[in-house]
Amino acid sequence: MEAGPKELPPLPSAVDGKVVLRLAPYPSGPLHIGNARAFLLNDAYAKRYHGRLLLVFDDTIGSEEKPLLPEAFDQVREGLEWAGVEFQEVLYKSDRIPLHYEWAEKLLATGEAYVDECDAETLRKNREARKACVHRTQDVDETIAMWKAMLSGEYREGEAVVRLKTDMADPNPAFRDRVLFRIAEREHPRVGSRYRVWPMLEFSWAVDDALLGITHVLRGKDLVMEDLMETRIWDDLGIERRPAFVHFGILRFKDIELSKSTYRKMIAEGRLTGIDDPRTWSLQSLRRRGIRPAALRDFVLSFGLSLNDIEVPVETLYAENRRRIDKEANRYFFVPDPVAVEIAGLPPIERVKAPLHPEVPGRGDREIPVGPKVHVAKEDFSKFRGKEVRLKDFCNVMLDHRATFVSLENKDIPKIQWVTHGVNVHLVLPDGSESRGLGEPLVASLKVDDVVQFERIGFARIDHVSKAEVRAFFAHR
RNA sequence: GCUCCCGUAGUCUAGUCCGGUCAAGGAUCGGGGCCUUUCGAGCCUCAGACGCGGGUUCGAAUCCCGCCGGGAGCACCA
C-alpha cells in the first residue's frame, strides 16, 4: 500500500448522505489524547459518508467524584475545533430531560420498570444474591405514585431510583435490574436545580439515539454493555428504527495515565499549570507543543476499527508530526545550562551565517554575532572538554573554559551549538520540567506559534516572547 | 467469580467474512551504509510475525474443535 492515510473499513449498511453520527463528550474537562479515537473516528466517517455529526454534550448530572465543570463545555469545543472536527449541531442532554421522563413513564406504565426505595447497599447485595426486592412486584399505580413523588421532591437523594426489570438472575451481574434514573440534588451548570431526577447514561442514550435518528453509534469496547441496555429498552418500547453499534478497542499510551478528574484536581492544587499543561495530554496542551491536528488524526485513524486493545508509544505520533513540521521549522541555536568559554586566538570576525533551514536554501540565512566569549551546553562541555569540537557554522576549537582557536574550515568532527550573547530561553518539557538557557539573538524576534527546531535538541513551539525571555514548549526530537 | 471481546514482527496495522495470487504488505522502532556544518530530515539496505495443539482440505493466517495468553465490563460515573 502507498504511504498516506489508510482507508477505514466501511460502516455497516451506511448510505452516502444519510449517515448520522454523534459525539458524546462528558464535560468534566478538556478532551485529551485518549478521547481522540472516538471523536476522530466519528468525524472521519461523517465526512466520508457526507453525513451529519451531532455534538451532544453528555451533561447528565454525573456523580460526586465526576462532577460537571461549567468551563468544560467551551474547553471541549475548543479542542474539537483545533482537531478539525466538524459537527453540524450542538445539543445538550440537560435540555432533553423531559423527553427522557416521557419514555420513563411509558416503561413505568407497562410495568417494565419500577421505582425502588432500597438504598444503594441493599440494592448491591440483592443483585449479588440475585434477589428481587419487594418493590419489583409492587403494582403499577403505586410505582407511578412513587415516580411522581421522586419528581416532586418527596424523596431525597439516594432514597429512590427507577430500575428496569431486566432479570435478577441474569448471568451478568451488571444486567440485573439496571438503574435508569436516580435523584441528584446537585446544581447543574446549565440548568441549575430545574431537575432532581436524572437519567443514567444508557437510558438517556436509548432515548436520544432513537429520537435524534442516529444511524451508527461508534463507541469504545468498554461500552458494549450499553448496547445491550439500549437494545433492551428499544425492545420494551417497540422502537423499530435503531442505530447500528460499532466498536473499537481501548487505546492506551505507553507510560501515560490519562484521567480528567485527576488532572482537574492537580490543577486546582496548583500542581499543574492549567488545562494546557503538557502533563494533561489535553488537546490544548498538544496544540501548545506544536503538535499538528493532522498528525494526531492520521496517527489515531491508522488504528482503524480494530477491536484489539492497544498500547502505543507516543513516539509514533511524534514521527507523524515530525514529518509535518520539519520543513516549516527554521533552525536556531539554543544552549541549555550554558557554560562560558573564552576562545584565545580567534581571528577578528564579527558575525557568521547559518541557514535557516538546511533543506530549504531559499529561506535564507540567519546571522549570528560572534566573539571570543561564547556559551556552550554544560552537557557538551563535559563531554568534549579537552577535545577539538566544531562550533557549528563558526569555527573549530579545543574546548575548555579557556579554549583555543584551531581553524575555521568545516571539519568532520563533533559539532555543537553555541551562543555568544542572546536571549534567555526556557523550554517547557513534556514532563512539566523546564530547561533554561540561552538562545541566539534571532530567537527574540520569533513570534508566538512559530514552530522551530533547536538544533540537536528538538522541535518546539514558541509560546511567549518578551524582552526578558522567550518561552517555548518542547514537542519532540 | 460471572459476562463479553481480542490474539499477524519490539510496537501499531493490512490480509481473516468469500481458503490458493501471502515463500504475509505497510508504518514505527532497531542494525548497517550513503548524504548532510544538528543527535533532525532524506536515500539505500538488513533483521523481525500468522499464540499453541489437533482436525477438515490437493491447499489454512484465513474454516472447525480444544488449550493457552491478553483485555474490558460487572456504580444511584460516563
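Each chain gets a letter, A, B and so on, in the order its sequence line appears, and its residues count up from 1.
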Peer 1: Quick check: on RNA chain B, is the nucleotide nearest A/Arg130 upstream (toward 5') of the one nearest A/Phe459, or the reverse? Name the residue that is more 5'.
Peer 2: A/Arg130

Peer 1: Should the side chain of A/Glu320 and the base of B/A27 be counted as holding a donor-acceptor pair, with the cut-off at 3.5 Å?
Peer 2: no

Peer 1: Report the stems of RNA chain B as range-with-range entries sorted by first number; a stem here is at least three consecutive pairs, Watson-Crick or G-U wobble, both distances under 3.5 Å, and write none if there are none.
Peer 2: B:1-7 with B:68-74, B:10-13 with B:25-28, B:30-34 with B:42-46, B:51-55 with B:63-67

Peer 1: Would you say the side chain of A/Asp298 lies within less than 4.5 Å of the side chain of A/Arg323, judging by non-hydrogen atoms?
Peer 2: no

Peer 1: Under 4.0 Å from OP1 or OP2 of B/G40: is there any side-chain N or O of A/Arg324 that close?
Peer 2: no

Peer 1: Have a look at A/Arg323 and say if it touches a base, only the backbone sugar-phosphate, or nothing, with a 4.0 Å heavy-atom cut-off.
Peer 2: sugar-phosphate

Peer 1: Please work out if A/Val161 contacts a base, only the sugar-phosphate, or nothing of the nucleic acid, heavy-atom cut-off 4.0 Å.
Peer 2: base

Peer 1: Among B/A78, B/C12, B/G71, find the nucleotide with the atom closest to the side chain of A/Arg178.
Peer 2: B/A78

Peer 1: May I ask you to evaluate whether A/Ser306 reaches the phosphate of B/U13, defined as a side-chain N or O under 4.0 Å from OP1 or OP2?
Peer 2: yes

Peer 1: Hey, can you tell me if A/Trp198 and A/His188 have their rings parallel, tilted or perpendicular (30° and 60° cut-offs)?
Peer 2: parallel

Peer 1: Under 4.0 angstrom, heavy atoms only, what part of the nucleic acid is A/Asp58 near: base, sugar-phosphate, or nothing?
Peer 2: sugar-phosphate

Peer 1: If you look at every strand shown and take non-hydrogen atoms under 4.0 Å, does A/Asp393 touch a base, only sugar-phosphate, or nothing?
Peer 2: base

Peer 1: Using 0.5 Å steps for rounding, measure from the CZ atom of A/Phe87 to the CG atom of A/Leu23.
Peer 2: 8.0 Å

Peer 1: For A/Arg390 and A/Asn396: C-alpha separation, side-chain torsions, deciding distance, then whether side chain to side chain donor-acceptor pair (under 3.5 Å) applies.
Peer 2: CA-CA 4 Å; A/Arg390 177 163 181 80; A/Asn396 313 308; 2.9 Å; yes

Peer 1: If you go through the side-chain atoms of A/Glu311, does one of them form a donor-acceptor pair with the base of B/U11 closer than 3.5 Å?
Peer 2: no

Peer 1: Looking at residues 149-160 of chain A, who's got a heavy atom less than 4.0 Å off RNA chain B?
Peer 2: A/Gly158

Peer 1: Check each of A/Asp393, A/Ile349, A/Val419 against A/Val370 using the side-chain contact (heavy atoms from CB on, under 4.5 Å) test, and report the only one that passes.
Peer 2: A/Ile349

Peer 1: Decide if atom CG of A/Asp431 counts as having more than 12 heavy atoms of other residues, nucleotides or ligands within a radius under 6.0 Å.
Peer 2: yes

Peer 1: Which part of the nucleic acid, if any, lies within contact of A/Thr60, taking any heavy atom under 4.0 Å across all strands shown: a base, the sugar-phosphate backbone alone, or nothing?
Peer 2: sugar-phosphate

Peer 1: Side chain of A/Thr316 only, please: which of B/U28, B/C76, B/C12 is the nearest?
Peer 2: B/U28

Peer 1: Taking the side chain of A/Lys415 as heavy atoms from C-beta outward, which of B/U37, B/C6, B/A72 is closest to it?
Peer 2: B/U37

